[in-house]
Amino acid sequence: MREKTATHLGRRTVLAASAGALAMPFVARAQANPLKIGIQSIFSGPIALLGASSKGAIQPEIDRINATGGLLGRQIQPIYRDSKGQPQEAARVARELVNTDGCEILLNAEASSGAYAVQEVVRDLGVLCIHTTAEASSLTADPKLRAPTAFRSARQGVHDAIVGGSYSAKVAVAKKLTKWATCSPDYSFGRDTTAQFGEFLKHFAPDIEITSQSWPKMGQPDFTEVVTKILQAKPQALYSAMFAGDLSAFINQGNAYALFSAMQVFVPAMGDLPVLTTIKNMPAGIHSAARYLPTFPDTPVNAAWYEANRKFNNNDYPTNWSWECSTAARFMEAAVKKAGSTNGKAAAAALEGLTIDSPFSTTGKITMRAEDHTMIGYAIGWGTTVPKEPFVTGIEPGDWGQITELETEWKKKNGYI
Amino acid sequence: MIDLDALLECVTTTSCLVTQTTSGLIVGMLLFLVAAGLTLIFGVLKIVNFAHGTFYMLGAYLAYTVFAITGSYILSVLAGGLGMAFFGIVFERFLIRRVYGANVLMQLLICYATVLICDDLVKIIWGPDFYAMGMPPEFQVPPLFIAGGVVPPFYLVLISVALVIGGGLAMVLGLTKIGKIIRAAAHNPDMVSALGINTTLLYSLVFAVGGMLAGIAGGLAAPVRSLTPGMGFSILIESFIVTVIGGMGSIGGALIAAVMLGLIRSFGTIGFPLFTEGLMYIAMIIILVLKPSGLFGKEIV
């Protein structure tokens, strides 16, 4: 028996074993020196979905990179931290991730308020940081706020406002909707988004008049008085920047008053799967942006990503934040590979102007614009809701030529250029 | 910021008056159910139950789950109420009872810890996503038009149910023996105990009733409101305003204050669109300046 075993140790086996033994120090070094990446988000409280869906999109990307040998030969070790949605905590967590935990890169899945705070820490520490979910335009558009090694892989508010304004104006002209009302959450995101939408809506359809505005508090338990106020104003169209649970409550309470059959309604955040699948009696014909849909862009790669993401997340639906986070991880991977280093300055230089293949673009490509460190070329469009899958139909894609042109004008107007 | 013309036009137009009044009533009556439990617990036990919003949240989640299983709205509301009555007993028996008469800070810590633990438990059991029960099929009907005003039938039912519960509570407290014992315990617990009445059981009962009211409110509101971990916080703040305005410990005061707050919201949003929340606090300040113990609170000598 022993003799038989000895004869099986042939030349190839010995060579393979030797090669493995020679490679051992490198493997051991890679395992001993993992690449730590800090990922901070809101993992607790009413917006915990932000953290859950961000992690649910970044982790599969890290698993994929690690399974194929890691990044620069080092296994990625993600460190997740909860900022609880507080800007001062977000700044503290960012500093701790780098200084104490030894993270070399930050993927910052904070809301806009937290992202501004993290950006100042990044300016100080000089590490590569990608804001994955902050949509407030000034974060990267304002040169005074922009940081040399900070980038944004999220939608930008002004892009949505241009496409939303263009689409809504077209509907308004066709249906002769001149009297509009707005209803948005009473904080910076709601006010900025509504103002930008109104600006571009009037740019495309100057006859439009906004006759009634409501500003409910975010997370307030009941919006009934806002629904009835809108009914009293008798507008022909309504725009709302509400989102997530507040939007769901607003839709349910509006349904009770038949609000959605009394006017045309435009809600950018409606086209997100958790909203579309949660609202039980969803009215048809609401105009919405396609935040994330497996059917927009209607490509095999997008459908495959959707299926894989649901499988990873116990069949939960991906959110708009999911594709943004997935994109951030892919940008990080491509930039570090191109730079051959995780050094903030070198990786940032590599990321500027970098174009990657992406399932989340109608052209299959997304670019990190060099001059203002924000992402362009992603799928952006508006359509109308239907109560069943695919939930949003007739999606009209935005024209990136027009978006860039009007964005430049908007930047000049705001003194950003 | 101020649109007095719109407000004047609204109060002089029947359709607007009807729509906004019913809108104020529905907001107010659901708030009353939560605040009634809060004020009852304070009245008898002198405990400020900062975890009361959690009862509302858990009631709503429980109702949502029962509705998803049975499809019965009535069963789901009952489950929310009974479930929270049980939770109220457990909360009183194992946590709050240990800090009766202790520093208010200690009570606050116990309540806050309960809020955090329950919010996390909700996240673990139901997930961080928000939920919507959706309108039960029997209420999926077009709104009624009364004197030109728009009134959803479902809201009429909610207002009626809340009124019946409030009336029933007032009757039990005012006319029955147990009600008299509860009122006596609120006034002088030592004397009630000396008379051989089991105050331990009584306190559990009070927490059960308080929890049940909040649970019912959560269940009733579930078809039109969103369910999120932490949803109890905002309703807790408004319930405190109601309790303070109405007078700590006064059920009648809570009813008046809750309806008042609902109407301030519904008419305030037309006349003072950017200051509706502020109006509620101004109302509270004015009432506290004029009557520091609240509308129906007892003056402390």
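Residue numbers begin at 1 in each chain, while the letters A, B, ... track the order of the sequences.
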Notebook entry, point to check: Can you list the steps and then say if A/Asn255 with B/Met135 is a side-chain contact (heavy atoms from CB on, under 4.5 Å)?
Noted result: CA-CA 9 Å; A/Asn255 265 337; B/Met135 191 64 80; over 6 Å; no
Check: Using a cut-off of under 4.5 Å for heavy-atom pairs, which of B/Gly149, B/Gly134, B/Cys10 has the most such pairs with chain A?
Finding: B/Gly134
Check: Do other residues, nucleotides or ligands put more than 12 heavy atoms under 6.0 Å from the OH atom of B/Tyr112?
Finding: no
Item checked: Max heavy-atom pair count under 4.5 Å with chain B, selected residue of A/Ala244, A/Pro274, A/Ser214 -> A/Ala244
Note to self: With rounding to the nearest 0.5 angstrom, report the CD to CG distance, B/Glu238 to A/Asp222.
What the structure shows: 9.0 Å
Notebook entry, point to check: Where do B/Lys123 and A/Phe43 come nearest, in terms of heavy atoms and distance?
Noted result: NZ-O, 2.8 Å
Notebook entry, point to check: Of the backbone (N, CA, C, O) and the side chain (C-beta and beyond), which part of B/Asp129 lies under 4.5 Å from a heavy atom of chain A, both, or neither?
Noted result: both
Margin query: So for A/Phe223, is it side chain, backbone, both, or neither that comes closer than 4.5 Å to the heavy atoms of chain B?
Written below: neither
Notebook entry, point to check: Where does B/Glu9 contact chain A at under 4.5 Å (heavy atoms): side chain, backbone, both or neither?
Noted result: neither
Checklist line | Nearest-0.5 Å distance, CZ of residue B/Arg265 to OG1 of residue A/Thr224 | finding: 10.0 Å
Check: Between A/Lys229 (side chain) and B/Ile270 (backbone), is there a donor-acceptor pair under 3.5 Å?
Finding: no
Notebook entry, point to check: If you measure from OG on B/Ser226 to CG on A/Asn252, what distance do you get to the nearest 0.5 Å?
Noted result: 6.5 Å
Item checked: Nearest heavy-atom neighbours spanning B/Ser266 and A/Glu225 -> CA-CB, 3.5 Å
Margin query: Quick check: do A/Tyr257 and B/Ser23 have side-chain heavy atoms less than 4.5 Å from each other?
Written below: yes
Notebook entry, point to check: Where do B/Pro143 and A/Ala256 come nearest, in terms of heavy atoms and distance?
Noted result: CB-O, 3.7 Å
Notebook entry, point to check: So how far is it from A/Trp215 CH2 to B/Glu277 CD, rounded to the nearest 0.5 Å?
Noted result: 15.0 Å
Margin query: To the nearest 0.5 Å, what is the distance between CG on A/Asp186 and CG on B/Leu274?
Written below: 7.0 Å
Margin query: So for A/Gln232, is it side chain, backbone, both, or neither that comes closer than 4.5 Å to the heavy atoms of chain B?
Written below: side chain
Item checked: Interchain contact, B/Pro223 with chain A, by part (heavy-atom threshold 4.5 Å) -> backbone
Notebook entry, point to check: Given that the side chain runs from C-beta out, which part of A/Asn281 has a heavy atom under 4.5 Å from chain B: side chain, backbone, both or neither?
Noted result: side chain
Note to self: Quick check on the interface: out of B/Phe154, B/Phe233, B/Phe139, B/Tyr155, who has the most heavy-atom pairs with chain A under 4.5 Å?
What the structure shows: B/Tyr155
Checklist line | Residue pair A/Ser248 / B/Phe130: nearest heavy atoms and the distance that separates them | finding: CB-CE1, 3.5 Å
Check: Would the number of heavy atoms belonging to other residues, nucleotides or ligands and lying under 6.0 Å from CG of B/Leu116 be above 12?
Finding: yes
Check: If you count the non-hydrogen atoms of other residues, nucleotides and ligands that lie under 6.0 Å from CD in B/Glu138, is the total more than 12?
Finding: yes
Check: With a 4.5 angstrom heavy-atom cut-off, which part of A/Val227 approaches chain B: side chain, backbone, both or neither?
Finding: neither
Margin query: Regarding B/Gln20 and A/Thr228, do their side chains bring together a donor and an acceptor under 3.5 Å, going by distance alone?
Written below: yes
